[in-house]
Each structure stands twice: as C-alpha cells, then as structure tokens.
2 protein chains.
Amino acid sequence: MPEDFERFKAGLSLSRDDIYSALLQENHHHIRIKKPAVAIQGLASIVEATLRLAGSKGFHAMSLRDLCAESGFSIGGIYAYIKNKEDLIHLIQDYGFLLTRRTLRTRTQDAAPGVEKLRAAVRTHLFLSEMMPDWFSFSFMEARHLPPPERQKAVQAAREIEDIFFDILQEGMAAGAFRHVDARLLASLTKALMQDWYLKRSKYRRQEIDVNTYAQSVCDLLESYLQGPP
Amino acid sequence: MPEDFERFKAGLSLSRDDIYSALLQENHHHIRIKKPAVAIQGLASIVEATLRLAGSKGFHAMSLRDLCAESGFSIGGIYAYIKNKEDLIHLIQDYGFLLTRRTLRTRTQDAAPGVEKLRAAVRTHLFLSEMMPDWFSFSFMEARHLPPPERQKAVQAAREIEDIFFDILQEGMAAGAFRHVDARLLASLTKALMQDWYLKRSKYRRQEIDVNTYAQSVCDLLESYLQGPP
DNA sequence: GTCTATAGCATGATAGAC
DNA sequence: GTCTATCATGCTATAGAC
C-alpha cells in the first residue's frame with residue numbers, strides 16, 4: 001500500500017526547532033548570538049525570509065535591505081548571524097543536503113529490492129521537496145553560480161542523491177526484478193522528473209495535480225520501462 | 001531511420017546573419033544603430049556575450065561592465081543597442097521562443113501520427129537545445145524572475161511548446177497508436193526530460209552521453225509507457 | 001557610431017550607541 | 001543582542017567629445 005504525503009509528513013516529525021537547532025550546531029562558528037533560543041529563532045526568520053525572497057526575485061536580485069524588511073531585523077542585526085551575503089548560501093545549502101540524503105537513505109533501506117524500493121525513493125524525494133519546495137528550488141538555482149570549491153560540494157551532494165536511485169536500479173536489475181537498462185542514465189532521467197515537481201510547482205497546482213498523483217505517474221512511467229520486453 | 005544531430009544541424013541552414021537580422025527586425029524600435037550590417041554584427045556580439053556570462057555567473061551577477069569587456073563594446077556603446085539592462089532579457093527571450101516554436105511545429109507536421117511524430121518532436125527539441133544550450137538555460141533561469149507581464153509572456157510561450165507534445169500524444173491516442181493515458185501530465189514529464197538535457201549539460205558530457213543517445217533513451221522510456229498494457 | 005568621463009544612486013559591510 | 005548612522009564601493013545610465 002503506497003504511503004501518501006500526509007502520513008509521510010506526520011511520520012517525519014521534524015519540528016521547526018529541531019531543524020533550526022541542527023542548523024545552528026553546524027554553523028555556530030559564524031554566529032555571534034550566544035543564547036541558543038534566540039539564535040534558533042533568529043536563524044529561522046532569516047533563512048525563511050531568504051528562501052521567500054530568493055524564490056520570488058532571485059538570490060542575487062535580493063538585497064540585504066530587502067532581507068531586513070522581510071525578516072524584521074535591522075541591517076546591522078543580520079550580521080550577527082552571517083559573515084557576509086554569500087555566507088547565507090552555505091547556511092541554507094548545508095542543512096538541506098544533510099536532511100535530504102539522510103531521509104532518502106533511511107526511508108528506502110527497509111523496502112524490498114525492485115519496484116517497492118524504487119517507489120519508496122521516488123515518493124520520499126517528492127514528499128521532501130513538497131515539504132520544503134523553496135529550499136529545493138533555491139538549491140537548484142544557486143548551485144551553478146557558486147564559487148568553484150563550494151560548487152564542487154553542491155555537485156557532489158547532487159550526485160549522491162542520484163546514486164541512491166542508481167543503486168536501487170542496479171540492485172533491482174541484479175535481483176531480476178527489472179530488465180537490464182543503462183542504470184546511470186535512467187537515474188539521471190528519474191532525477192529530472194523529481195526536479196520538475198518543485199521547479200514547476202505553480203504549473204502543477206494550476207492543473208490540480210497533487211504530489212500523490214505526480215508520484216504515481218512517475219512510478220508508472222519508470223516501471224513500464226523497467227518491466228517492458230527486453 | 002532516425003535523423004541524427006549532424007543532419008539536423010545541416011538541414012536547418014540558419015546562418016548567424018539570418019538569426020540576428022530577424023532579431024534586429026523584431027527590436028528595431030529600441031536600437032539606435034541605422035546601418036543594418038553594423039547593427040546585426042553588434043547585436044550578435046552583445047547577445048552572445050550576455051549568454052556566455054549569464055551562463056557562467058548568472059544574469060544578475062553580471063554587470064554591464066563585464067558585458068563590455070566580453071563583447072568588446074564600451075559602456076556607452078552598449079546603450080545604442082539596448083534601453084537598459086532588463087531590455088537585454090527581452091532581446092534574448094523573444095527571439096529564441098520564435099525560433100523554437102516555429103522549428104518544432106515545422107519539423108513534426110510531416111511525420112505520421114503516433115510514435116514517429118513523437119520521436120520527431122523529442123529529437124527536434126533536444127537538437128535545438130543542443131544548438132543553443134546557453135539560450136535554453138538562460139530562458140529557463142530568468143523566466144521566473146521577470147516582472148509579471150513579461151513573465152506571463154514567457155509562461156505562455158513555454159505552454160505552447162508543451163502543447164505541441166500534448167497534441168502529438170492526443171493525436172496518437174485517438175489514432176490508436178498509444179494507449180490512453182493523461183496526455184497533459186505526460187507532456188509535462190516529457191518537457192521535464194527535455195529540460196534536463198540543457199540544464200545538466202556538463203554532467204552528461206562527463207558521462208559521455210551524446211544527444212543522440214539521450215534522445216533514444218527518452219523515446220524508449222516514453223514509448224514503453226505508451227505502448228504497455230492498458 | 002563609438003568613445004571617455006561622470007552623475008546619481010543602491011549596495012554590502014562596519015562602528016559605535018544603547 | 002539589536003539598533004542607527006555612515007563609509008567605501010560598484011552599479012546603471014547619461015552627456016558630450018570625437
């Protein structure tokens with residue numbers, strides 16, 4: 001029985017505080033605020049305001065003054081949380097990759113190899129992006145314009161996500177559940193389909209397609225290919 | 001016999017001058033240069049330099065000084081071709097949409113309904129993006145951050161491209177060449193697969209996957225779905 | 001038609017009061 | 001810990017020489 005999005009969300013049980021206290025721990029060296037409760041609250045405002053603005057006008061077009069107006073901070077206050085504007089990118093990137101990778105691996109490892117595992121991975125990825133679409137879209141849009149070392153890290157993280165799909169495909173082929181195809185290429189195509197869900201969110205909303213329907217269609221498409229005639 | 005990319009490129013026979021004189025005609029009201037030969041040459045330099053820079057560092061991160069250095073113009077000289085920086089976006093957008101729509105329709109209309117027509121459309125779209133990947137990726141990245149009226153135009157153009165695939169799917173279903181599926185949703189998924197080719201170009205190059213191989217895989221994936229069991 | 005010089009402004013970042 | 005005031009810089013866009 002396929003798990004649907006509402007059950008997924010309830011099962012994740014990641015509160016806002018959990019998320020931002022993890023984010024604080026990863027970046028505490030840059031942050032001058034000492035009281036954790038204050039820092040967590042401030043981080044949450046700043047990150048969420050950044051994602052909103054970057055989503056609507058783009059990260060580079062967003063000024064720190066825009067960010068202040070949106071987050072409620074003053075121009076000086078922001079600099080207690082970040083070293084500079086570029087630092088905002090890392091703040092947001094690091095955290096999301098960690099969460100995505102971990103959840104994807106955890107949620108697929110118990111499923112049986114083959115169709116079941118592939119479905120679990122597709123659903124989990126789509127559900128994650130449904131939970132934080134602004135982060136996924138930010139990460140996709142900004143990664144290509146990072147300075148080379150940071151960019152390399154982002155490429156590596158994206159590759160790891162793709163590898164999860166690759167491994168599932170290979171395992172399924174080895175187990176005889178799938179026919180033999182180019183697993184690397186099909187993993188790329190699968191990821192492309194995952195991306196469209198968060199990159200074209202408003203289009204799908206306008207067409208009244210929800211995440212469960214989308215997940216089902218992607219699974220059907222992949223499965224008919226993997227189980228077709230050799 | 002599937003047409004491959006080299007034959008497609010030769011068959012298009014669109015010279016650089018053809019392209020930029022069409023672009024000049026569409027935007028002659030903004031452009032202060034009187035001699036067509038000069039204007040065409042200037043436009044070509046500016047558009048190509050913009051696409052290069054926007055592709056590497058992003059349009060908003062690119063300053064007009066960067067553009068001058070890259071295009072060989074002076075800061076004042078640029079303003080004989082454009083009204084302001086935002087005008088550069090329209091200059092580039094208009095032209096590409098026109099070319100893409102026209103080529104896609106022309107190249108698919110003679111093919112037989114069903115698999116053959118679908119393949120022609122997939123190949124044509126991929127080949128077009130292979131010819132001007134910087135334009136496709138620019139258009140994808142910038143469209144979401146345009147001011148509302150211009151954004152609407154871009155959304156509309158993207159929708160028309162998707163409709164071409166939609167029509168082909170519906171026609172094929174009506175003719176009995178395909179089984180009955182949600183054609184609107186499958187057209188969206190198809191477009192998502194088209195997009196990945198130009199958005200993740202360097203990844204595919206690293207994997208030594210060329211455009212013909214990619215086109216073949218996308219067609220196989222779609223066809224197995226459209227011809228699978230009802 | 002293209003250049004140089006510069007106006008006018010918005011931005012990222014800092015210093016220091018509270 | 002957060003604010004206001006301010007600096008230096010780099011930007012878009014224009015004016016006017018050639």
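Lettering of chains follows the sequences in order, A, B, ..., and the numbering in each one begins at 1. Hydrogens, waters and symmetry mates play no part in the numbers below; they use all other heavy atoms, side chains included.
Applying the side chain to side chain contact (heavy atoms under 4.5 Å, CB included) criterion to B:Ser63, with sequence neighbours excluded, gives B:Arg65, B:Asp66. Listed by chain and number, the residues in a salt bridge (charged side-chain N to carboxylate O under 4.0 Å, His left out) with A:Glu142 amount to none (sequence neighbours excluded). Scanning for salt bridge (charged side-chain N to carboxylate O under 4.0 Å, His left out) contacts around B:Asp134 gives an empty result, with sequence neighbours left out. Remark: B:Arg101 pairs with B:Glu160 by the salt bridge (charged side-chain N to carboxylate O under 4.0 Å, His left out) rule, at least two apart or across chains. With sequence neighbours left out, the ring-ring contact (aromatic ring centres under 6.0 Å, His included) criterion links B:Tyr214 to B:Trp197, B:Tyr204.
To the nearest angstrom, P of C:dG12 lies 19 Å from OH of A:Tyr81. If you measure from atom CG of A:Asn84 to atom C1' of C:dG12, you get 9 Å, rounded to the nearest angstrom. As a whole-Å value, the separation of A:Ile78 CD1 from C:dG12 P is 11 Å. For the pair A:Lys83 NZ and C:dA13 P, the interatomic distance rounds to 10 Å; values are reported in whole Å.
Among residues at least two apart or in separate chains, ring-ring contact (aromatic ring centres under 6.0 Å, His included) pairs with a member in residues 131-157 of chain B are B:Phe59-B:Phe138, B:Phe97-B:Trp135, B:His125-B:Phe136, B:Phe136-B:Tyr198. Within the structure, salt bridge (Lys or Arg N to Asp or Glu O under 4.0 Å) contacts touching residues 75-94 of chain A (residues at least two apart or in different chains) are A:Lys83-A:Asp87, A:Asp94-A:Lys153.
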*Annotated protein contacts, base or backbone, on nucleotides 4-10 of chain C with a non-hydrogen cut-off under 4.0 Å, one of B, S, - each*: BB-----
Under 3.5 Å, which donor-acceptor pairs link side chains of residues 34-42 of chain B to any protein atom two or more places apart or in another chain?
none

Distance-only donor-acceptor pairs under 3.5 Å for side chains of residues 18-31 of chain B, two or more places apart:
from	atom 1	to	atom 2	distance (Å)
B:Asp18	OD1	B:Ser15	OG	3.4
B:Asp18	OD2	B:Ser15	N	3.3
B:Asp18	OD2	B:Ser15	OG	3.2
B:Tyr20	OH	B:Glu48	OE2	3.0
B:Ser21	OG	B:Asp17	O	3.3
B:Ser21	OG	B:Asp18	O	3.3

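Nucleotides of DNA chain D lying under 4.0 Å from heavy atoms of chain B occupy a range whose first and last members, 5' to 3', are D:dC11 to D:dT14.
Contact check of residues 26-59 of chain B against DNA chain C (heavy atom, cut-off under 4.0 Å) returns B:Ile33, B:Lys34, B:Lys35, B:Val38.
Annotation: side chain of A:Lys200 is not in contact with side chain of B:Ser188 (no heavy-atom distance under 4.5 Å).
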